Structures are given as structure tokens and as C-alpha cells.
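This report concerns only the one structure given below.
This chain uses plain numbering: 1 for the first residue, then up along the sequence. As the structure lists them, so they are numbered: ligands from 1, and atoms in each ligand from 1. Given the structure is predicted, the values throughout are model-derived calculations rather than measurements.
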Amino acid sequence: MPHVKNINHVAIVVDDMEKSLHFWRDSLGIPLHEVRDVPAEKSQVAFLPLAGAEIELVQPTTPDSGLAKYLAKRGAGMHHVCLEVDDIDGMLAELKQKGIRLINEEARTAADGKRYAFIHPESASGVLVELYQV
Ligand code: CO
């Protein structure tokens with residue numbers, strides 16, 4: 001039976017990366033690992049690893065992505081929580097069977113080979129949940 005292993009990352013959508021880094025890196029003192037462009041998601045992501053998990057600051061780089069629309073509508077803030085699972089296909093099948101609304105019915109593969117899928121907030125206490133299989 002597939003299960004959740006840990007929290008992989010918490011993602012925060014931001015409208016000004018430097019201003020956000022001033023808080024998360026410079027004021028809280030969480031070391032910045034890297035800032036990377038993710039063209040597939042039309043965004044720039046800052047990775048701040050923390051005790052086996054990560055804070056990710058995500059800023060849209062074009063005005064037409066889903067993330068950009070989210071930012072325009074709600075402003076900067078919490079975007080999603082990512083849970084690492086040992087078997088993403090098995091977990092998606094099980095969630096589907098339990099009537100959970102999925103945004104991605106099938107796992108997608110990121111540029112770095114990680115497989116991921118999103119669960120709709122409607123089924124998850126209002127929180128956008130991402131599943132990862134590393
Ligand atoms: Co994520």
C-alpha cells in the first residue's frame with residue numbers, strides 16, 4: 001500500500017523574489033541553495049533547504065501561467081504543500097478510488113526526473129497538495 005513519507009517542500013508564490021529573499025534568507029537566516037528558472041512551469045524558483053525539507057519561493061516569469069493568474073487574483077502567499085510518497089502511481093489510483101479530486105490524473109515528470117501530481121484543494125481542506133516521488 002502506497003504511503004506518505006515526509007513533507008518534501010512548502011511552496012510560496014511571490015511577486016518580488018529579492019524582497020522575499022530579504023525575509024527568508026537574510027532575516028530568518030535560512031541558507032539559499034539556488035535560484036533556478038523553470039521554463040516548463042514559466043517560473044523562477046528559489047530553493048531554501050531546511051532539515052530534510054525545503055521552502056520554495058516561486059515567482060511566475062510570464063503573465064499567462066496558472067501561477068501568474070493565482071498571484072494576480074490572491075496576491076503573494078502560501079501556494080502548496082508537497083508530500084513525498086513511495087509510490088505515486090499507486091497513491092493516485094488509491095485517491096481516485098476514494099473519490100478524491102485530482103488535478104493531474106497521471107503523474108508528470110519534471111526536468112530532474114522527479115515525478116509529481118497535484119491534488120485539488122477542494123478535496124484537501126482548501127490546500128493545494130503536491131505529491132512527489134523522488
Ligand atoms: Co512544488
>> Between M1 and E94, does the side-chain contact (heavy atoms from CB on, under 4.5 Å) criterion hold? Intermediate values first, please.
In response: CA-CA 9 Å; M1 187 166 153; E94 190 164 309; 3.5 Å; yes

> What closest approach, in Å, do E106 and A117 show between heavy atoms, and which atom pair accounts for it?
Replying inline: O-CB, 4.4 Å

>> Is a donor from one side chain sitting under 3.5 angstrom from an acceptor on the other, for H9 and E130?
In response: yes

>> Would the distance check show the side chain of S43 and the main-chain N or O of P60 forming a donor-acceptor pair, the cut-off being under 3.5 Å?
In response: no

>> Does L67 form a side-chain contact (heavy atoms from CB on, under 4.5 Å) with K42? I'd like the steps, not just the answer.
In response: CA-CA 8 Å; L67 190 70; K42 297 176 178 176; over 6 Å; no

> Which protein N, O or S atoms sit under 2.8 Å from the Co ion (ligand 1)?
Replying inline: H9 NE2, H80 NE2, E130 OE1

> What residue pairs, at least two apart or across chains, pass ring-ring contact (aromatic ring centres under 6.0 Å, His included) with a residue in residues 83-130?
Replying inline: H80-F118

